[in-house]
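The chain is numbered in sequence order, starting from 1. Values below: every heavy atom of this structure, side chains too, minus hydrogens, waters and symmetry copies. Computed from a predicted structure; not experimentally measured.
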Amino acid sequence: MIGSECVEERIHKEKKKYTLEFLKQQLGAILSGIEPNQRIAVYGGGNSFQLIKERMPERATIKYVIDRERQDGCENHIFPDDIGCYDIDVIIVSAWYSHEDMKYELYKRCYRGVVIDIYEEMKKKGIDLCQPITRYTDDMSADSIMDNRCHGIGEESAVHAEFYLIDAFEIFQFLPTYRHLEENGINIQFIAEPNEINMSLGWFDFDSAIKILEEKGVRYDIVCNPYVDFAFTTQTNTILSKYHGKKIRYAYGNSMTKAAMSNSERVVWGFDYSFVAGEWRKKLLSCYVDKQEIITMGYPKYVPFFAKHVDREKVLGQLGINTDKKILCYYPTWGEHSTIPMFSSYIKELKKEYFIVTKAHHCTYRLESELPKLNRLYDISDVVLEGNFDFALSTLIGDINICDAKSGAATEVPYLNPFAKVLYIYDNKKNDFENALFEDIFEIGPVTDKPWEIKGILESDMPGAYINKREERLKYIFGNRGTDYIENILKALEKK
């Protein structure tokens, strides 16, 4: 385990380094209003002067450096006491300078020109530069070397990659691929940056993630190395903003909702590669980028599940389920798309005939805002499975599965257990039922937005009308059941 003092020290160092990187990115925009003919002075020399000089707008020139010590590399050096002796149109105040001293000196010398205060400009963007970062040189190459040493990366020929976490749930998604890559000589590790520096901006369940990573015995770090060859995320490219190498989007789930982020340009733009399960999503996303940037990988998460026989009775026994009723498993999603508010009362009525097991969404299980929905699930269910309960095992429990049509479970449940009945339910509060879903879902199972229809549909002979089309459709969505295409991933990683 990582000690708390070590965590705090690494966080502090990463904050300072990230601040400098962010400052570099923002300076161009901050200085963009400067005109070519203006007489410009930088208040503060050293590293700050060099950094500002490199990012000045084209044709704009720094004429003076104002500093208590004489500086090289500029036409004229000005001591603060002599500001009034020169014609200056714009003073750029360095991010590292003492701002109270600067403001007093400019006031005392009656300066009336334009002042661009980088400290204040950065503060507007959410970065507080009060903490001194002067010890961090503008040339990051030395820092990158130190990072490589800290992360144990020394072999120049090896491929180095990191999977950047913003949710503990992602560990289970990437773990089989992590094992494959490790076996094939890829230097791979998980990155679990605490919320103080995590790119999720406060979303990350850090403690849960560390516990899982320790239990799984995988390599991980609490600070990323921006200079690895490849970085993975399940989200958009902004999560990988710290990285300078190639960026990969690693998909999980296949939403049948047309408006889902996972079906939009946001999951391909800004990435070098987008890894998807099957040809269905590859075709869908190919309208945004070249096809060779979208790589099918099957669904690696479930390859271990299909490789071994899992006894359903054993799973039921572990959960203490012993019933003569048919088991109905309910898979609601979270947030505004959840069917819990609209459908839960009707599902509760089914307890007279069915044993109700609910697989809570991992966000419903951990977010305070979802607590009313979680409490409702306990009210309507005989058993509620916790958020990180093995999803594949959960699909073996039910004789009948009811899934939210707007969830990833909608396709994963029949993919994992093609023999159980499946019914899709949809909260139609936006009155968009007719156009919101891809037609594929209607070939996998019946879909309804009317809660009162559930009982009648469950009593009908559902599988017969869907089983053939379902298998064809699921193969198109996921690839061959139980097969991954690790060679496709490895080929991509060879192009570092």
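When each of Phe232, Tyr178, Tyr220 is tested with Phe190 by the rule ring pair (Phe, Tyr, Trp, His ring centres under 6.0 Å), just one qualifies, namely Tyr178. Checked against Thr364 for a side chain to side chain donor-acceptor pair (under 3.5 Å), the options Arg376, Glu370, Lys373, Lys359 give a single hit: Glu370.
Other residues, nucleotides and ligands contribute only 12 or fewer heavy atoms inside 6.0 Å of the NZ atom of Lys475. For Asn322, the CG atom is loosely surrounded, since the number of other residues' heavy atoms within 6.0 Å does not exceed 12. Counting non-hydrogen atoms of other residues, nucleotides and ligands closer than 6.0 Å to NZ of Lys326 gives a total of 12 or fewer. Remark: Glu215 CD is packed, more than 12 non-hydrogen atoms of other residues, nucleotides or ligands lying under 6.0 Å away. Atom CD of Gln318 has more than 12 heavy atoms from other residues, nucleotides or ligands within 6.0 Å. Heavy atoms from other residues, nucleotides or ligands lying under 6.0 Å from NZ of Lys351 number more than 12.
When every heavy atom of Phe206 is checked against every heavy atom of Ala192, the shortest pair comes out as CE1-O, 3.1 Å. Across all non-hydrogen atoms, the minimal contact from Ile397 to Val315 is CG1-CG1, 4.1 Å. Listed here is the closest heavy atom pair of Asp167 and His362: OD2-CE1, 3.4 Å. When all heavy atoms of Gln235 and Arg249 are compared, the pair lying nearest together is O-CG, 3.3 Å. Closest of all the heavy-atom pairs between Trp203 and Ile166 is CD1-O, 3.0 Å. For the pair Leu423 and Ile454, the tightest heavy-atom approach, listed with the atom from each and the gap, is CD2-CG2, 4.0 Å.
For the atom pair CG of Asn263 and OH of Tyr288, the computed distance is 8.5 Å after rounding to the nearest 0.5 Å. The CG atom of Leu350 sits 5.5 Å away from atom CD1 of Ile356, with the distance rounded to the nearest 0.5 Å. In this structure, the separation between CD1 on Ile248 and OG1 on Thr233 is 11.0 Å, given to the nearest 0.5 Å. To the nearest 0.5 angstrom, Thr323 atom OG1 is 10.0 Å from Leu316 atom CG. For the atom pair OH (Tyr424) and CZ (Phe442), the distance works out to 11.0 Å, reported to the nearest 0.5 Å. Interatomic distance, Ile212 CD1 to Ile171 CD1, rounded to the nearest 0.5 Å: 4.5 Å.
Using a 4.5 Å cut-off on side-chain heavy atoms (C-beta onward), Leu165 and Leu213 make contact. Side-chain contact between Val218 and Arg179 is present, with heavy atoms from C-beta onward closer than 4.5 Å.
Among pairs with a residue in residues 379-412, those fulfilling ring pair (Phe, Tyr, Trp, His ring centres under 6.0 Å) read Tyr331-Phe391, at least two apart in sequence or across chains.
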List the atom pairs, donor and acceptor, that lie under 3.5 Å between side-chain atoms in residues 405-412 and the rest of the protein, sequence neighbours left out.
unit_1	atom_1	unit_2	atom_2	d
Lys406	NZ	His337	ND1	3.4
Lys406	NZ	Tyr426	OH	3.4
Ser407	OG	Asp404	O	2.7
Ser407	OG	Ala409	N	3.4
Ser407	OG	Ala410	N	3.4
Thr411	OG1	Asn254	O	3.1
Thr411	OG1	Gly408	O	3.4
Glu412	OE1	Tyr302	OH	2.4
Glu412	OE2	Tyr299	OH	2.9

Check your understanding: Between Tyr243 and Ile191, does a side-chain contact (heavy atoms from CB on, under 4.5 Å) hold up when you go through it step by step?
Key -> CA-CA 12 Å; Tyr243 289 94; Ile191 296 299; 3.7 Å; yes
Exercise for review: Let me see the working for Tyr164 and Asn198 under side-chain contact (heavy atoms from CB on, under 4.5 Å), right down to the final yes or no.
Suggested key: CA-CA 9 Å; Tyr164 193 92; Asn198 193 284; 3.8 Å; yes
Exercise for review: Take Lys242 and Glu193, measure what salt bridge (Lys or Arg N to Asp or Glu O under 4.0 Å) needs, and give me the verdict at the end.
Suggested key: CA-CA 12 Å; Lys242 297 181 183 182; Glu193 290 192 328; 2.7 Å; yes
**Study point:** Full working for side-chain contact (heavy atoms from CB on, under 4.5 Å) between Leu385 and Leu319
**Key:** CA-CA 9 Å; Leu385 306 175; Leu319 293 170; 3.8 Å; yes
Exercise for review: Kindly indicate, with the supporting measurements, whether the criterion salt bridge (Lys or Arg N to Asp or Glu O under 4.0 Å) is fulfilled by Asp432 and Lys258.
Suggested key: CA-CA 11 Å; Asp432 60 354; Lys258 292 179 181 178; over 6 Å; no
Practice item. Starting from the C-alpha separation in whole Å, work towards a yes-or-no answer on side-chain contact (heavy atoms from CB on, under 4.5 Å) for Ile188 and Phe230. Key: CA-CA 9 Å; Ile188 180 75; Phe230 296 93; over 6 Å; no
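Side-chain atoms of Asp399 come within 3.5 Å of backbone N or O of Ile327 as a donor-acceptor pair.
Taking 4.0 Å as the cut-off between side-chain N and carboxylate O, Lys211 and Asp205 do not count as a salt-bridged pair.
Between Phe478 and Tyr415, the ring planes lie parallel to each other; the angle is under 30°, not in the 30° to 60° tilted range.
Checked against the 6.0 Å centroid threshold, Tyr330 and Phe343 do not count as a close aromatic pair.
Between the side chains of Arg281 and Ser262, at least one donor-acceptor pair of N or O atoms lies under 3.5 Å.
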